[in-house]
Amino acid sequence: MAQRRMFSKEITTSDLFVEMPSSSRLLYFDLGMEADDEGFIGNARMLSRAYGASSDDLKLLATKGFIIMFQNGVTVVKDWNLNNKLRKDRIKPTIYTEEKSMLTVDITGSYQLGNQMPTICQPDVNQMSAQDRLGKDRLGEDSIDNMSVKTDVSIPYSEIIDYLNEKTGRSFRNIDANKKLIKARWNDGYKLDDFKTVIDNMVANWSGKEFNGTPAETYLQPKTLFSNKFDSYLNQIPKTYVNNDYQGNELDLPF
């Protein structure tokens with residue numbers, strides 16, 4: 001059995017992939033590492049629990065078309081052949097021959113069950129229905145909402161940017177780079193009040209202060225506030241200043 005496992009950037013940097021919660025993305029890599037030489041996993045549900053993922057993470061990967069789950073629990077990484085280019089003489093054939101016989105391989109190398117679409121495209125209604133029928137549990141609208149997989153329509157981009165501009169006196173715009181950061185945090189489960197709290201906390205902590213001689217206000221911008229340190233900023237307690245001097249340690253750099 002080959003020991004090397006690879007992942008294609010065509011898959012892992014696609015919008016469909018990066019817009020999933022981080023726990024679902026991490027589970028995809030875990031399953032890729034545990035799969036056999038043809039991309040099959042016999043105990044995906046057990047592995048998802050062992051790696052600290054939820055059942056919803058597994059269902060989301062199936063719904064989005066990154067894995068195919070059979071009723072008996074066997075799972076295959078749909079784009080295994082795009083991710084991994086293994087020498088034929090080093091491949092150990094999968095033991096899941098019955099499940100493999102139910103699949104076809106399209107021109108891109110992706111496994112297909114029925115009329116599924118490639119994962120680099122948005123799944124169509126037929127693919128969603130096919131995946132919903134696999135397993136005992138269905139992934140309904142409430143479950144999708146709980147995982148914070150939201151459409152752009154539900155994300156208050158303008159209100160968040162306007163609030164940041166109001167508090168900082170800046171003129172940030174609703175450009176794609178800012179919206180991408182907001183959407184990532186929104187898909188992590190944060191709400192409008194959380195964005196406002198982060199802005200309030202960091203305006204209070206950084207206004208009039210310096211980081212190694214650089215005005216701290218410089219970092220009151222989307223790419224800093226809405227980065228992967230968002231949760232840390234959300235839970236910060238505004239620092240206490242006396243006569244413009246901070247009573248405690250020096251300010252830490254915001255990255």
Side-chain angles (χ1 to χ4, degrees), residues 12-30 48-61 64 142-168 170 172 174-212 214-241 246-255:
T12 60
T13 62
S14 66
D15 287 342
L16 192 62
F17 186 84
V18 300
E19 288 170 2
M20 291 191 300
S22 57
S23 56
S24 300
R25 300 196 303 269
L26 181 58
L27 179 59
Y28 178 78
F29 292 115
D30 290 331
S48 67
R49 293 192 297 270
Y51 284 116
S54 70
S55 60
D56 279 344
D57 289 317
L58 194 62
K59 293 175 185 177
L60 182 59
L61 288 175
K64 291 290 188 180
D142 291 340
S143 183
I144 289 291
D145 286 342
N146 288 338
M147 288 184 288
S148 303
V149 180
K150 308 296 183 181
T151 64
D152 277 359
V153 176
S154 68
I155 303 176
Y157 294 112
S158 295
E159 190 169 353
I160 292 170
I161 293 296
D162 289 346
Y163 190 81
L164 176 61
N165 288 336
E166 175 188 341
K167 293 296 182 179
T168 62
R170 311 282 281 279
F172 297 108
N174 250 340
I175 60 175
D176 288 344
N178 294 338
K179 292 172 68 174
K180 184 176 181 179
L181 290 164
I182 293 172
K183 187 173 186 177
R185 302 290 78 78
W186 193 269
N187 284 345
D188 284 340
Y190 298 104
K191 305 301 181 186
L192 176 61
D193 286 345
D194 297 321
F195 283 87
K196 290 184 175 181
T197 298
V198 165
I199 293 168
D200 290 340
N201 284 351
M202 306 324 295
V203 166
N205 284 347
W206 292 351
S207 292
K209 306 302 173 291
E210 293 185 348
F211 293 112
N212 294 339
T214 301
E217 290 96 333
T218 302
Y219 300 103
L220 293 172
Q221 54 182 299
K223 71 177 182 180
T224 304
L225 299 179
F226 307 149
S227 68
N228 56 10
K229 293 192 68 175
F230 187 91
D231 193 68
S232 174
Y233 297 147
L234 178 63
N235 290 283
Q236 281 198 19
I237 299 174
K239 295 181 170 71
T240 301
Y241 296 91
Y246 171 53
Q247 304 302 298
N249 296 327
E250 294 296 328
L251 290 178
D252 295 326
L253 287 172
F255 45 76

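A 4.5 Å side-chain heavy-atom check between Tyr51 and Leu26 finds every atom pair outside the cut-off. Residues Leu60 and Pro21 are in side-chain contact: their nearest non-hydrogen atoms beyond the backbone lie under 4.5 Å apart. Between Phe230 and Leu181 the shortest side-chain heavy-atom distance does not fall below 4.5 Å.
When the side chain to side chain donor-acceptor pair (under 3.5 Å) test is applied to Asn165, no partner is found at least two apart in sequence or on another chain. The ring-ring contact (aromatic ring centres under 6.0 Å, His included) test applied to Tyr28 returns Phe17, Phe66, not counting sequence neighbours. Take Lys167 and apply the side chain to side chain contact (heavy atoms under 4.5 Å, CB included) test, not counting sequence neighbours, and it matches Tyr163, Ile199, Asp200, Val203. Partners of Ser158 by side chain to side chain donor-acceptor pair (under 3.5 Å), not counting sequence neighbours, listed by chain and number: Asn174. Remark: Lys196 pairs with Glu159 by the salt bridge (charged side-chain N to carboxylate O under 4.0 Å, His left out) rule, at least two apart or across chains. Under the rule for a side chain to side chain donor-acceptor pair (under 3.5 Å), Thr168 has no partner lying at least two apart in sequence or in another chain.
In this structure, Tyr157 has its ring center no closer than 6.0 Å to that of Trp186.
With rounding to the nearest 0.5 Å, the separation of CD1 in Ile161 from CD1 in Ile182 is 4.0 Å. Of the inter-residue distances, the one linking Ser24 atom OG with Glu19 atom CD reads 12.5 Å to the nearest 0.5 angstrom. Taken to the nearest 0.5 Å, the NZ atom of Lys183 stands 10.5 Å off from the CG atom of Asp176. Rounding to the nearest 0.5 angstrom, the gap separating the CE atom in Met202 from the CG atom in Leu234 is 11.0 Å. Atom-to-atom distance recorded for Ser207:OG and Leu220:CG is 6.0 Å, nearest 0.5 angstrom.
Looking at every heavy atom in both residues, Asp188 comes nearest to Ser22 through OD1-N, 4.2 Å. A pairwise comparison of heavy atoms in Lys223 and Ser227 identifies O-CB, 3.5 Å as the closest pair. Between Glu217 and Arg170 the shortest heavy-atom distance is O-NH1, 3.1 Å.
Salt bridge annotation for Asp194-Lys191: absent, with no cationic side-chain nitrogen under 4.0 angstrom from a carboxylate oxygen.
Between the side chain of Arg185 and the backbone N or O of Tyr190 there is no donor-acceptor pair closer than 3.5 Å.
At a cut-off of 3.5 Å, with distance as the only test, a side-chain donor of Ser54 or Asp57 sits close to an acceptor on the other residue.
Tested against Gln236, the residues Asn201, Asp231, Asn205, Thr197 include a single side-chain hydrogen bond (donor to acceptor under 3.5 Å, both in side chains) partner, Asn205.
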Q.
If you apply the rule side chain to side chain contact (heavy atoms under 4.5 Å, CB included), what do you find for Leu164 with Phe195, and how did you get there?
A. CA-CA 9 Å; Leu164 176 61; Phe195 283 87; over 6 Å; no
Q. Is there a side chain to side chain contact (heavy atoms under 4.5 Å, CB included) between Tyr233 and Thr224 once you walk through the steps?
A. CA-CA 10 Å; Tyr233 297 147; Thr224 304; 3.8 Å; yes
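More than 12 non-hydrogen atoms from other residues, nucleotides or ligands lie less than 6.0 angstrom from CG of Asn235.
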